[in-house]
**Q** 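Have a look at this one.
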Amino acid sequence: MAAQSVLTSQSKDFPRWYQDVVAKAELADNGPVRGTMVIRPYGYAIWERIQGEIDARIKAAGAKNAYFPLFIPESYLSKEAEHVEGFSPELAVVTHAGGEKLAEPIVVRPTSETVIGEFMAKWIQSYRDLPLLLNQWANVVRWELRPRLFLRSSEFLWQEGHTAHATNEDASAYANKIHNEVYDDFLVNVMASPTYLGIKPPSERFAGAINSMTCEGVMRDGKALQMATSHELGQNFAKAFDIYYQSEEGKAELCYTTSWGASTRLVGGLIMAHGDDAGLLVPPRLAPVQVVVLTVRDESEVNEAADRVARSLRDAGVRVELDVGRGSFGRRVTDWEIKGVPLRVEVGPRDLAQGLVTLVRRDSGVKALLALEKLTREVPPLLEAIQGDLLARALAHRDDHTHDVSTVGDALDATKDGFARLPWDEVAGEGEGALNAQSVSVRCLQRSDGSMPSSDTERELFCLVAKSY
RNA sequence: CGGGAAGUAGCGCAGCUUGGUUAGCGUGCCUGGUUUGGGACCAGGAGGUCGCGGGUUCGAAUCCCGCCUUCCCGACCA
């Protein structure tokens, strides 16, 4: 008997499907204030896995974690002209505290370049103090006009890295290092979500940056999602906050700074990069629950066997959840499918009599019988195989939804289905306006071989354009 | 923030046009029993300031005004 669908199908209504998954996989709820988000335990478990993987890579890249305050003097924001202009529409400002009107309003951080810049100036004296490599895990607030859970919430969680360097080359190299060794590596090897790496056109750059790099993901519906960004800030913030160092020659020199971030938006990206009509689908390396062991019948022998199976898999290093709950088998199966657990081990009396269990892959639905004693040997490589298949599938999806075109008109047509790639010269200037009028934006610029340009002034660049979240 | 739609039990909805007894239905939840290899069934039960505030009225879920929230489409963004 075919299970009746419990979610809106992607093809029928993709935004509705997304909301259904968020609700039924118990990832998040709307908070009481517009645009705020309650992240539920299962959603937070996924975020903690993302955090752990990204944090380890940030530390491997040499940055150290610190924490800066939520409240920022409003005057700090104003010190960098483009920065304040870019962020002022989204700011939440505290005007009253302690029962009194404040002399100077306090801004709830939308990002921390300014406060961190202030302290960089204090901590950096000599070239020996450079590079200064900082990161913080924090919440930030950017008032959103049109919120969506995980994708655009007025408050969200992220990591923001901030570094200061002696030279432009060093700053640029470090921003690139983060982009490749932290973000791209995480996205490809853990989240199995290959993106397009490129630089933002001037119109899409971070407020105050001289160059912004992006990882542009291709979602199941063909739309773009920026999964992470790294910015070269040049000397803009160093000038605004007097971040000077004394060189070997004893001269005062301005630093070059960078900043880079990835947020809870990644959870939204995960949903839309791998999810299907049965719900979420989490790649094994990322999954907080890699295997669910569930009993087919509520009998003591079955329950005991399931418990042994779960233990042995845990001992083998697999993240396992045991489901020996009562209630119908089909219901429990569907619930775990919605949550996207990559592999299911079904323990039932018929199989047990032959010393077997049934393995079911969430991605393909393929079932296989396996001898109990082979489980701990077979499951880890099977999880890796699923990981590999998800990556291959995502890569194929990305390429299938990217179309090479030569004109803005063809690009508009092609973006009904996904991304379009065309020469940047065709788009720069008026073309960009024509695209924007149809809700299509330039997601990133690349060289013809797909590599990352050093600046948007390079010749013969290509651009990837798409509708975006 | 502009245009559209909507808010009634955890979730999905009916009732509102034409105001009038104890506000219904499906699903979920609780209890008991039968079940359990792809969203089980029977019986009983709990659960509502009808989004919030004000107004009209003898009487408001229903009519009027304001606000809040959600969804869709734009402009803004991680």
Side-chain angles (χ1 to χ4, degrees), chain A residues 1-8 13-16 18-20 23-24 26 29-36 85-91 109-111 138-160 183 200 203-207 212 214-217 224-231 259-269 278-279 294-299 302-303 323-338 344 346-353 356-358 360 365 367 369 436-439 441 467-469:
Chain A
M1 207 181 304
Q4 58 189 3
S5 86
V6 62
L7 303 168
T8 307
D13 186 343
F14 196 86
R16 182 68 187 270
Y18 179 85
Q19 290 163 226
D20 283 356
K24 300 213 165 131
E26 300 180 343
D29 261 327
N30 283 304
V33 172
R34 178 182 170 76
T36 60
E85 189 186 336
F87 278 108
S88 48
E90 311 178 63
L91 294 180
R109 66 176 162 225
T111 178
N139 57 339
V140 284
V141 169
R142 298 179 186 179
W143 217 251
E144 283 298 337
L145 305 176
R146 192 180 162 195
R148 285 163 155 272
L149 287 171
F150 291 115
L151 300 174
R152 260 193 317 258
S153 45
S154 288
E155 178 191 8
F156 57 90
L157 307 182
W158 76 345
Q159 66 56 221
E160 49 177 325
Y183 299 141
K200 286 289 183 188
S203 59
E204 304 277 335
R205 230 179 250 152
F206 177 75
S212 288
T214 179
C215 303
E216 290 291 322
L225 183 73
Q226 180 173 301
M227 305 275 233
T229 48
S230 313
H231 313 290
S259 65
W260 25 278
S263 72
T264 38
R265 171 178 279 187
L266 284 170
V267 179
L294 85 168
T295 52
V296 147
R297 301 176 75 97
D298 185 24
E299 297 171 3
V302 174
N303 290 343
D323 181 353
V324 292
R326 293 155 188 266
S328 83
F329 175 68
R331 174 53 187 262
R332 287 148 64 215
V333 165
T334 310
D335 284 346
W336 287 111
E337 282 180 341
I338 293 172
R344 196 159 76 234
E346 300 178 353
V347 182
R350 283 210 304 260
D351 295 343
L352 274 183
L356 303 172
V357 288
T358 301
V360 190
K367 298 186 182 186
L369 285 166
N436 291 347
Q438 305 290 314
S439 306
S441 56
K467 296 191 178 189
S468 71
Y469 281 100

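All heavy atoms count here, side chains included; hydrogens, waters and symmetry mates do not. Quick caveat: nothing in here was measured; it's all calculated off a predicted structure. Proteins get letters first, then strands, A, B, ... in listed order; numbering begins at 1 in each.
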**Q** When rounded to the nearest Å, what value does the distance between P atoms of B:C11 and B:G48 take?
**A**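 It works out to 14 Å between them.
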
**Q** To the nearest angstrom, how far is A:F329 atom CZ from B:C41 atom P?
**A**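 Rounded to the whole Å, the gap is 17 Å.
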
**Q** Would you measure the distance from the P atom in B:G10 across to the matching atom in B:C16 and give it in whole Å?
**A**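 Straight-line distance between the two P atoms is 23 Å.
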
**Q** Mapping A:P147 and A:K24 to their closest nucleotides on RNA chain B, which lands nearer the 5' end?
**A**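 The residue mapped nearer the 5' terminus is A:K24.
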
**Q** With heavy atoms under 4.0 Å as the rule, sort A:G261 into base, sugar-phosphate or nothing.
**A**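 The residue A:G261 makes no contact with any strand.
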
**Q** Is the A:F150-A:Y469 ring centre distance short of 6.0 angstrom?
**A**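 No; A:Y469 has its ring centre 6.0 Å or more from that of A:F150.
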
**Q** What is the base-pairing partner of B:G19, counting Watson-Crick and G-U wobble geometry with both distances under 3.5 Å?
**A**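 Partner of B:G19: none.
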
**Q** Which atoms of nucleotides 50-52 of chain B (N or O only) lie under 3.5 Å from a protein N or O atom, and what are those distances?
**A**
none

**Q** What integer number of Å spans the P atoms of B:G33 and B:G47?
**A**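 My reading of the P atoms in B:G33 and B:G47 gives 23 Å.
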
**Q** Looking at the base of B:G38, is there any donor atom on it, or on the side chain of A:K367, that sits under 3.5 Å from an acceptor on the other one?
**A**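 Check passes, donor-acceptor contact within cut-off.
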
**Q** Starting from P on B:G38, measure out to CD1 on A:I338 and report it in whole angstrom.
**A**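 Going from A:I338 (CD1) to B:G38 (P), I get 17 Å.
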
**Q** Heavy atoms only, 4.0 Å cut-off, all strands: where does A:G35 land among base, sugar-phosphate and nothing?
**A**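 The answer is sugar-phosphate, as A:G35 gets under 4.0 Å only of primed atoms, P, OP1 or OP2.
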
**Q** Which is true for A:S153 with a 4.0 Å heavy-atom rule: it touches a base, it touches only sugar-phosphate, or it touches nothing?
**A**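 The answer is base, as A:S153 lies within the cut-off (heavy atoms under 4.0 Å) of a base atom.
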
**Q** In whole Å, what separates the C1' atom of B:C64 from that of B:A60?
**A**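 Taking atom C1' in both B:C64 and B:A60, they lie 11 Å apart.
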
**Q** Roughly how many Å is it from CG in A:L7 to C1' in B:C11, rounded to a whole number?
**A**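 The distance from CG of A:L7 to C1' of B:C11 comes to 13 Å, rounded to the nearest Å.
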
**Q** Can you list everything that forms a salt bridge (Lys or Arg N to Asp or Glu O under 4.0 Å) with A:E216? Sequence neighbours excluded, please.
**A**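 A:K200, A:R443.
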
**Q** Which value, in whole Å, describes the distance between the P atoms of nucleotides B:A5 and B:G24?
**A**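 Looking at atom P only, B:A5 and B:G24 are 30 Å apart.
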
**Q** Has A:S259 got a side-chain atom pairing as donor or acceptor with A:H231's backbone, closer than 3.5 angstrom?
**A**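 Pair absent, no side-chain N/O of A:S259 close to backbone of A:H231.
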
**Q** Would A:N30 and A:L149 count as a side chain to side chain contact (heavy atoms under 4.5 Å, CB included) here? Give the steps.
**A** CA-CA 7 Å; A:N30 283 304; A:L149 287 171; 3.6 Å; yes

**Q** If you measure from the P atom in B:G66 to the same atom in B:G20, how many Å do you get, rounded?
**A**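 Their P atoms lie roughly 25 Å apart.
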
**Q** Tell me which nucleotide, if any, is Watson-Crick or G-U wobble paired with B:C25 when both distances must be under 3.5 Å.
**A**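 Check on B:C25: paired to B:G12, both distances under 3.5 Å.
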
**Q** Rounded to the nearest angstrom, tell me the gap between atom CD in A:Q19 and atom C1' in B:G7.
**A**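 Going from CD in A:Q19 over to C1' in B:G7 covers 15 Å.
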
**Q** So, the side chain of A:T36 versus the backbone of A:V33: is there a donor-acceptor pair under 3.5 Å, distance only?
**A**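 A pair under 3.5 Å: yes.
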
**Q** Tell me every residue that passes salt bridge (Lys or Arg N to Asp or Glu O under 4.0 Å) with A:D20, counting only those two or more places apart in sequence or in another chain.
**A**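 Only A:R16 meet the salt bridge (Lys or Arg N to Asp or Glu O under 4.0 Å) criterion with A:D20.
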
**Q** Which residues satisfy the salt bridge (Lys or Arg N to Asp or Glu O under 4.0 Å) test with A:R332, sequence neighbours excluded?
**A**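 Residues passing salt bridge (Lys or Arg N to Asp or Glu O under 4.0 Å) with A:R332: A:D323.
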
**Q** Hunt down the Watson-Crick or G-U wobble partner of B:A5, both distances under 3.5 Å, from any strand shown, or write none.
**A**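 Matched B:A5 with B:U70 under the 3.5 Å cut-off.
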
**Q** Taking any strand in view, what nucleotide pairs with B:G48 in a Watson-Crick or G-U wobble way, both distances under 3.5 Å?
**A**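 Because no pair has both required distances under 3.5 Å, B:G48 counts as unpaired.
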
**Q** Verify the contact: side-chain N or O of A:R34 to OP1 or OP2 of B:U70, cut-off strictly under 4.0 Å; return yes or no.
**A**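 Yes.
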
**Q** Closest-nucleotide mapping onto RNA chain B: is A:K467 or A:T36 further toward the 5' terminus? I mean the 5' end.
**A**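 The 5'-side residue here is A:T36.
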
**Q** Please measure how far the C1' atom in B:G51 lies from the corresponding atom in B:A6, and state the result in whole Å.
**A**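 Looking at atom C1' only, B:G51 and B:A6 are 11 Å apart.
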
**Q** Polar atom pairs between nucleotides 75-77 of chain B and protein, under 3.5 Å, N or O only, would you list them?
**A**
| residue | atom | partner | partner atom | Å |
| --- | --- | --- | --- | --- |
| B:A75 | OP1 | A:N436 | O | 3.2 |

**Q** Please report the C-alpha distance between A:R34 and A:E144 in whole Å, then the side-chain angles of each, then the deciding distance to 0.1 Å, and finally whether the salt bridge (charged side-chain N to carboxylate O under 4.0 Å, His left out) criterion is met.
**A** CA-CA 9 Å; A:R34 178 182 170 76; A:E144 283 298 337; over 6 Å; no

**Q** Kindly list each side-chain donor-acceptor pair under 3.5 angstrom involving residues 261-269 of chain A, sequence neighbours excluded, with atom names and distances?
**A**
| residue | atom | partner | partner atom | Å |
| --- | --- | --- | --- | --- |
| A:S263 | OG | A:R265 | N | 3.0 |
| A:T264 | OG1 | A:L157 | N | 3.4 |
| A:T264 | OG1 | A:L157 | O | 3.4 |
| A:R265 | NE | A:L151 | O | 3.0 |
| A:R265 | NH2 | A:L151 | O | 3.1 |

**Q** Rounded to whole Å, please give me the gap between CG in A:L294 and P in B:G37.
**A**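 Answer to the nearest Å: 11 Å.
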
**Q** At 4.0 Å (heavy atoms only), tell me whether A:P349 reaches a base, stays on the sugar-phosphate, or touches nothing.
**A**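 Base, at least one base atom sits under 4.0 Å.
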
**Q** Measure the distance from CG on A:D335 to C1' on B:U27 and round it to the nearest whole Å.
**A**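 Whole-Å distance recorded here is 14 Å.
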
**Q** If you count the non-hydrogen atoms of other residues, nucleotides and ligands that lie under 6.0 Å from CD in A:E85, is the total more than 12?
**A**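 Open: at most 12 neighbouring heavy atoms sit under 6.0 Å from CD of A:E85.
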
**Q** For B:C65 and B:C77, measure between their C1' atoms and round to the nearest Å.
**A**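 The answer is 35 Å between these two C1' atoms.
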
**Q** Taking any heavy-atom pair under 4.0 Å as a contact, classify A:R344: base, sugar-phosphate, or nothing.
**A**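 It contacts base atoms.
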
**Q** So does A:S230 get a backbone contact from the side chain of A:Y183, meaning a donor-acceptor N/O pair under 3.5 Å?
**A**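 No; judged by distance alone, with no hydrogens or angles, the pair does not exist.
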
**Q** Once rounded to the nearest 0.5 Å, what's the spacing between atom CZ of A:R142 and atom CD of A:E155?
**A**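 These two atoms lie 12.5 Å from each other.
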
**Q** Strictly by Watson-Crick or wobble contacts shorter than 3.5 Å, is anything paired with B:U31, and which nucleotide is it?
**A**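 Base partner found: B:A43.
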
**Q** In whole Å, what is the span from the CD atom of A:E346 to the P atom of B:U36?
**A**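 The distance from CD of A:E346 to P of B:U36 comes to 16 Å, rounded to the nearest Å.
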
**Q** Across all strands, who's sitting opposite B:A75 as a Watson-Crick or G-U wobble pair, both distances under 3.5 Å?
**A**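 Paired with B:A75, as far as the under-3.5 Å criterion goes, is no nucleotide at all.
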
**Q** Does the base of B:G37 carry an N or O that pairs as donor and acceptor with the side chain of A:T358 under 3.5 Å?
**A**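 In this structure, the two groups form a donor-acceptor pair.
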
**Q** I need the CG-P distance between A:L149 and B:C72, as an integer number of Å.
**A**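 The answer, rounded to whole Å, is 10 Å.
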
